[in-house]
Amino acid sequence: MKEFFCGAVVPDCTARFRGESEEAILAQVAQHAHDDHGMEHVPDAVINEVRAQIQDVE
Ligand SMILES: [Zn+2]
């Protein structure tokens, strides 16, 4: 299981996501970025930052 805290990239955001793979998390993050951060499209630079911050959890 992997986990990502949006606050690692977007200060003050408390959203967190869990998934079986990076792709599963990135899909949730893309939806969240659109709905809650008003991002029509998540830039590659942000995706790379998200990937770097994804943690392995039990
Ligand atoms: Zn967020």
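As the structure lists them, so they are numbered: ligands from 1, and atoms in each ligand from 1.
- Only protein N, O or S atoms were scored, and 4 of them lie under 2.8 Å from the Zn ion (ligand 1).
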Solution key, residues 29-38 side-chain donor-acceptor pairs under 3.5 Å, sequence neighbours excluded:
| unit_1 | atom_1 | unit_2 | atom_2 | d |
| --- | --- | --- | --- | --- |
| Gln31 | NE2 | Asp35 | OD1 | 3.3 |
| Gln31 | NE2 | Asp35 | OD2 | 3.0 |
| His32 | ND1 | Asp36 | OD2 | 2.8 |
| His32 | NE2 | His37 | NE2 | 3.1 |

Show the atom names and distances, to 0.1 Å, of all donor-acceptor pairs under 3.5 Å that link a side chain in residues 6-20 to residues at least two apart or in another chain.
| unit_1 | atom_1 | unit_2 | atom_2 | d |
| --- | --- | --- | --- | --- |
| Arg16 | NH1 | Glu3 | OE2 | 3.3 |
| Arg18 | NE | Glu3 | OE2 | 2.7 |
| Arg18 | NH2 | Glu3 | OE2 | 3.2 |

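- The two residues Ile54 and Glu22 have their closest heavy-atom pair at CD1-CG, 3.8 Å.
- Arg51 places none of its side-chain heavy atoms less than 4.5 Å from the side chain of Ile25.
- Not a single salt bridge (Lys or Arg N to Asp or Glu O under 4.0 Å) links Glu40 to another residue, sequence neighbours left out.
- Closest of all the heavy-atom pairs between Pro43 and His41 is CD-O, 3.4 Å.
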